[in-house]
Amino acid sequence: MRKLPFDKAKLDEMSVKWPTPFHVYDAKAIRENAKRLRKAFAWNKGFREYFAVKATPNPHIMKLLKEFDFGSDCSSMAELELAERVGNVGESIMFTSNDTPAEEFRRAWELGAIVNLDDITHWDFMLTALGISGGAPGAFEGRVMCCRYNPGPLKGGNAIIGKPEEAKYGFTREQLFECYARMKAAGVTRFGLHTMVASNELDPNYIIDTAKMLFSLAGDLHDAIGIDFEFVNIGGGIGIPYRPDQKAMDFSAVGGGIKAAYEELVDGRGLKPIRLYMECGRCITGPYGYLVARVRHVKSTYRLYAGLDACMSNLMRPALYGAYHEIVVPGKEGSGVTSVYDVTGSLCENNDKFAIQRVLPVLEPGDYVVICDAGAHGHAMGFQYNGKLRSAELLLEEDGSVREIRRAETLDDYFATLDFGSL
Ligand SMILES: *Cc1c(COP(=O)(O)O)cnc(C)c1O
């Protein structure tokens with residue numbers, strides 16, 4: 001049974017002010033995890049994590065992570081704006097977008113972000129968007145340019161992200177050689193190299209192999225084109241143990257494995273020092289966020305159903321991927337008396353289930369049901385289908401105090417984009 005950073009009494013206190021459902025994040029655990037990550041990569045001078053904003057796009061969480069010098073990995077106008085508002089500008093932003101609109105290239109450039117191109121055609125597209133397609137002396141002064149590599153069949157796939165050759169992202173190897181040569185010819189002097197081939201990956205070797213692949217490629221590009229890479233970015237995708245039989249990835253094992261690869265493939269090859277970047281989201285906040293709901297109805301038909309006051313608009317992963325999330329019933333943890341439930345929401349879609357045929361303590365209306373590992377790709381994936389509103393987000397501070405970091409939506413929010421006046 002998962003240990004929670006709050007008990008039933010604390011939830012009673014919180015729910016007076018913030019009726020369920022709500023998301024709550026554990027600040028202390030997020031900080032401790034951030035420290036572990038930094039320690040595991042401290043051997044690499046300039047190591048940096050760019051938090052994938054899409055995982056938990058809340059400025060208070062981003063600000064907390066900024067204490068550990070985490071930058072922001074952005075892929076949309078709104079995410080660029082969030083980064084700027086928390087003071088992450090310049091090379092504290094990694095702009096890793098795809099199918100990118102011109103105005104986002106302009107905004108990212110204006111903010112001084114590291115622009116990471118998704119395709120070879122985006123080079124010309126970006127130059128046009130920036131109004132420098134005819135060449136502009138000094139336009140790249142101080143600027144670092146990056147490209148996203150898609151290894152295709154050279155790298156085996158993984159469950160959420162699929163096979164690289166079927167993924168819409170990134171350049172082929174041949175395209176990388178061509179694009180970096182064109183960038184160099186245009187006057188770019190600072191370079192980075194990126195890939196993202198994992199999602200919710202729990203095997204440290206997969207991440208270590210990704211780093212090896214990039215170090216080798218950086219060396220090959222150096223030899224062929226005569227450019228040096230300031231950084232390689234191994235992307236995000238480090239997984240978390242959603243299921244009780246899974247094990248968290250040991251950051252220090254990954255850090256150690258990548259260090260050995262670095263010594264062989266960067267130092268051993270005589271390349272200039274390369275900073276290691278990553279842009280994880282899930283493993284940074286995922287295990288430290290909880291969706292807190294209450295049982296609204298218990299229904300016995302062909303199965304036993306526990307209907308919550310939360311639904312898939314608060315946490316879509318189970319419905320979207322069939323994902324497993326641990327469920328804890330505070331106050332009944334040790335009751336020993338169990339039943340088997342489908343734990344549902346109130347959306348008119350039968351896949352609106354947080355758990356299917358789950359053994360849980362006997363549930364009654366009013367019981368708290370805490371859905372674990374909701375801290376990344378949880379609230380963020382929320383939507384308003386079926387007139388469901390997104391819940392509040394709360395931050396549980398180290399001293400036990402609780403702070404609202406996003407209010408719950410209201411019906412006024414839902415209706416705000418409709419013009420009833422012209423009916
Ligand atoms: C989603 C995403 C990430 C973060 O992935 P996690 O699985 O949350 O670590 C990082 N980079 C890019 C480009 C992404 O699309």
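Excluded from the calculations below are hydrogen atoms, water molecules and symmetry mates; all remaining heavy atoms, backbone and side chain alike, are included. Indexing begins at 1, ligand by ligand and atom by atom, following the structure's order.
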Original post:
Counting from 1, what ligand 1 atoms have a heavy atom of D73 closer than 4.0 Å?
Top reply: 10 (C), 11 (N), 12 (C)

Original post:
Do R148 and ligand 1 have an N or O pair less than 3.5 Å apart?
Top reply: no

Original post:
What atoms of ligand 1 come closer than 4.0 angstrom to any heavy atom of G281?
Top reply: 4 (C), 6 (P), 8 (O), 9 (O)

Original post:
Quick one: does NZ or CZ of R406 land under 6.0 Å from the six-membered ring centre of F22, within 45 degrees of the ring axis?
Top reply: no

Original post:
Salt bridge or not for K28 and E398, using N-O below 4.0 Å?
Top reply: no

Subject >> Plane angle bin for H122 and F125 - parallel if under 30°, tilted between 30 and 60°, otherwise perpendicular >> reply: tilted

Original post:
Numbering the atoms of ligand 1 from 1, which are under 4.0 Å from a heavy atom of G237?
Top reply: 5 (O), 6 (P), 7 (O), 9 (O)

Original post:
At a 4.0 Å threshold, what atoms of ligand 1 neighbour a non-hydrogen atom of R282?
Top reply: 6 (P), 7 (O), 8 (O), 9 (O)

**OP:** Provide the number and element of each atom of ligand 1 under 4.0 Å from a heavy atom of G236.
**Re:** 9 (O), 10 (C)

Original post:
Within 45° of the ring axis of Y368 and under 6.0 Å from its six-membered ring centre, is that where the NZ or CZ of R294 lies?
Top reply: yes

**OP:** Just jot down the ligand 1 atoms closer than 4.0 angstrom to any heavy atom of H377, in number order.
**Re:** 6 (P), 8 (O)

Original post:
With a distance cut-off below 6.0 Å to the six-membered ring centre and an angular limit of 45° from the axis, does R190 pair with F140 as a cation-pi contact?
Top reply: no

Original post:
Ignoring hydrogens and geometry, is there a side-chain-to-backbone donor-acceptor pair from N98 to Y169 under 3.5 Å?
Top reply: no

**OP:** Search all heavy atoms of A376 against all heavy atoms of T56 and return the closest pair with its distance.
**Re:** CA-OG1, 3.8 Å

**OP:** Indicate yes or no: does an N/O atom of T96 lie under 3.5 Å from an N/O atom of ligand 1?
**Re:** no

Subject >> C280 neighbourhood, listing ligand 1 atoms whose heavy-atom distance to it stays under 4.0 Å >> reply: 9 (O)

**OP:** Tell me which protein heavy atom sits closest to atom 1 (C) of ligand 1, plus the residue, atom name and distance to 0.1 Å.
**Re:** K54 NZ, 1.3 Å

**OP:** May I ask you to say whether E397 pairs ionically with R403, meaning some side-chain N is under 4.0 Å from a carboxylate O?
**Re:** yes

Original post:
Given Y242 and H325, is the side-chain contact (heavy atoms from CB on, under 4.5 Å) satisfied, shown in steps?
Top reply: CA-CA 6 Å; Y242 286 104; H325 282 258; 3.6 Å; yes

Original post:
Please state which protein non-hydrogen atom is closest to atom 11 (N) of ligand 1 and give its distance, to 0.1 Å?
Top reply: E279 OE2, 2.8 Å

Original post:
H194 to ligand 1: N or O pair under 3.5 Å?
Top reply: no

Original post:
At what distance is the nearest protein heavy atom to atom 5 (O) of ligand 1, and which residue and atom is it?
Top reply: M196 CE, 3.6 Å

**OP:** Examine ligand 1 and decide if any of its atoms is less than 4.0 Å from a heavy atom belonging to A376.
**Re:** no

